[in-house]
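None of these values were measured; they are calculated from a predicted model. Every chain is numbered from 1 and lettered A, B, ... according to where its sequence line falls, protein lines coming before strand lines. The analysis underlying the following values was restricted to heavy atoms, covering all of them including side chains, and did not include hydrogens, waters or symmetry mates.
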Protein chains: 2
Amino acid sequence: MKKVTLSMKQIDTAQRILDTAERLFAQRGFHSTSTRALAHEARVNQAAINYHFGSKENLLEAVIERRLVPLIKLQINKLQTIRETALKERRRPKTKDVLLAIVEPTFTSIRSLLKNRSFFTLAGRLFSEPEGAARAIFQQKFEPLFSLLLNTMKDALPELPEELLVWRLFFSIGALVQAMRMFAGDVPVPDKITLVDDAAVVAGLLLTFVTCGMKAPLSIYEDS
Amino acid sequence: MKKVTLSMKQIDTAQRILDTAERLFAQRGFHSTSTRALAHEARVNQAAINYHFGSKENLLEAVIERRLVPLIKLQINKLQTIRETALKERRRPKTKDVLLAIVEPTFTSIRSLLKNRSFFTLAGRLFSEPEGAARAIFQQKFEPLFSLLLNTMKDALPELPEELLVWRLFFSIGALVQAMRMFAGDVPVPDKITLVDDAAVVAGLLLTFVTCGMKAPLSIYEDS
DNA sequence: GTCTATACGATGATAGAC
DNA sequence: GTCTATCATCGTATAGAC
């Protein structure tokens, strides 16, 4: 009984730290949130943060991982289904479907898990953090997804060289990150332009853009 | 003579701080670079940083501004030329040319100003950085360019709604930033894929991608 | 004006008592 | 596991030398 109580208490402490960190990091920013303020807000001792997560940087990783891992799993599952279905029906996967497997979960499934959209802002950090371990996390978690994505795209567009597909996939990811940040209201839009605020619509706009980009010919000679 | 000597010394000090900051911020990241280490590396006193730039954040702004302002001016000039030429010849600007006016200076003209690619790394990271003063800088400097870019694109693609153009332009910017970071070697590429290392080639790949994305129809119903 | 030496408050992290 | 006390380091401010 006592053991259970201690274990519960421990879990509860770590959980409160995680929840509070996600909220404060998103609201005030990572570097502007001190571990002292975080501990006070979460009603835990400051040292408990380091005890449970090792460091402030590791806490950030834990915050991001908690949301990102399920998302990536969902995307991988969708990609695998697309590959198997195409293989069974003896046809190529459709480029649009492949990209939809990445875009759609990002904008819909993840959203239900979050109370606010600030996590999108936080997630963008993964791509830009130069320092230390956050980088390794990104690489470690994304590599399997990207590998599968690249292979599926090779099936969809076999006439394009692999290196070109790599470049264009990264271009697409850049566009996706930007779309996430705009949807999160994190990008200031000039003048008096108001943008749609519907995840499905934004996902559709992005999907159209990246699908056309991926399927582009090797080089462009346009007349209009 | 004495004034000149003092002035030279001042410029030299501020210049060394700027150069060292650009290099260290890109290599180690902004927050991981202490003002003490920076001062030591630049062979200046630590307080000289605050004397010349006010604060560490202001120093970051100065680093960005030094590279960004000439680039943006060049892009604005190119866009204005495109608009005027199209107006004179009574035709629409070509979508590809409009995007080239953004992409080409980023990858070529600016490059000659840089000894290394540090600024690409720094700019790419800062663009995705949610916090801090760097945000305001980008916003302030980019707004005139984006406004002109949007108007020129409206001329090029008058059949598309303005809001759609805004979304797609931001998607394109996201792809551009990602391309910069990859060109700077700041993005880990999986497995044993080696990517081209020629600025003109990368610019061409990106241009094809974003041109097709911008010119995409309103929505996609693909069969392949 | 330009630069230096020094000091201050706050931060993230840690050691050891409980 | 949790706490208090303490540490090294951070960005910054200031007084004074040149």
Side-chain angles (χ1 to χ4, degrees), chain A residues 1-22 24-25 27-64 125 129-134, chain B residues 1-22 24-25 27-64 126 129 131-137:
Chain A
M1 191 62 180
K2 190 178 179 182
K3 275 184 179 177
V4 172
T5 304
L6 283 176
S7 178
M8 286 293 291
K9 190 176 180 182
Q10 168 197 19
I11 291 175
D12 192 52
T13 299
Q15 200 75 21
R16 276 209 311 277
I17 294 174
L18 268 181
D19 291 336
T20 309
E22 179 172 297
L24 293 187
F25 287 169
Q27 283 174 359
R28 311 176 186 175
F30 176 70
H31 293 285
S32 301
T33 303
S34 71
T35 53
R36 284 172 175 81
L38 204 163
H40 180 264
E41 193 105 359
R43 288 170 293 121
V44 301
N45 188 276
Q46 186 192 352
I49 295 175
N50 282 57
Y51 173 78
H52 284 287
F53 298 96
S55 71
K56 188 185 176 186
E57 196 77 30
N58 285 354
L59 172 60
L60 173 63
E61 295 175 23
V63 167
I64 295 174
R125 171 176 286 274
E129 237 355 91
E131 305 149 33
Chain B
M1 192 61 181
K2 190 179 180 183
K3 276 184 180 178
V4 172
T5 305
L6 284 177
S7 178
M8 286 293 290
K9 188 176 181 183
Q10 169 197 20
I11 291 175
D12 193 50
T13 298
Q15 200 76 20
R16 275 209 311 278
I17 293 175
L18 269 180
D19 291 337
T20 308
E22 178 172 298
L24 293 187
F25 287 169
Q27 283 174 0
R28 312 176 187 176
F30 176 70
H31 293 286
S32 300
T33 304
S34 70
T35 53
R36 284 171 175 83
L38 203 163
H40 180 263
E41 193 105 357
R43 288 169 295 122
V44 301
N45 188 277
Q46 185 190 356
I49 295 175
N50 280 50
Y51 173 77
H52 283 287
F53 299 97
S55 70
K56 190 185 175 185
E57 288 235 327
N58 284 355
L59 171 60
L60 176 61
E61 295 178 21
V63 168
I64 299 171
L126 290 178
E129 188 81 20
E131 315 166 28
R135 268 306 269 302
I137 300 285

Rounded interatomic separation in angstrom, taking CZ from Arg36(A) and C1' from dT4(D): 12 Å
Is a side-chain N or O of Lys56(A) found less than 3.5 angstrom from the main chain of Phe30(A), in a donor-acceptor match? yes
Protein-nucleotide distance (His40(A), atom NE2; dT2(D), atom P), rounded to Å: 18 Å
Taking OP1 and OP2 of dC3(C), is either one under 4.0 Å from a side-chain nitrogen or oxygen of His52(B)? yes
From the list dC3(D), dC10(D), dC3(C), which nucleotide is the closest neighbour of the side chain of Thr13(B)? dC3(C)
If I take atom CG in residue Leu38(A) and atom P in nucleotide dG12(C), what distance separates them, rounded to the nearest angstrom? 9 Å
Check Phe53(B) against Asn58(B) and note the closest heavy-atom contact, atom names and distance. O-CB, 2.8 Å
Is the phosphate of dG12(C), meaning OP1 or OP2, less than 4.0 Å from a side-chain N or O of Ser55(A)? no
Between P on dA13(C) and CD on Glu57(A), what's the gap in Å once rounded to a whole number? 8 Å
Presence of Tyr51(B) side-chain N/O under 4.0 Å of dT2(C) phosphate oxygens OP1/OP2: yes
Assign each of Ala48(B) and Lys56(A) the nucleotide of DNA chain C bearing its closest heavy atom; nearer the 5' end lies the nucleotide of Ala48(B)
In whole angstrom, what separates Phe53(B)'s CZ from dG1(C)'s P? 18 Å
From CD of Gln46(A) across to C1' of dT11(C) the rounded distance in Å is 8 Å
Report the nucleotide, chosen from dT4(C), dT12(D), dT14(C), that has the shortest atom-to-atom distance to any side-chain atom of Ala47(A). dT14(C)
Nearest heavy atoms of Val63(B) and Ala21(B), plus distance in Å: CG2-CB, 3.8 Å
I need the CZ-C1' distance between Arg28(B) and dT9(D), as an integer number of Å. 15 Å
Looking only at heavy atoms, which two atoms of Thr20(B) and Leu38(B) are closest? And how far apart? CG2-O, 4.0 Å
Within this structure, what is the CG-to-P distance between Asn45(A) and dG12(C), rounded to whole angstrom? 14 Å
Note: Thr33(B) and Leu24(B) closest approach over all heavy atoms is OG1-O, 3.4 Å
So does Asn50(A) get a side-chain nitrogen or oxygen closer than 4.0 Å to the phosphate oxygens (OP1/OP2) of dG12(C)? no
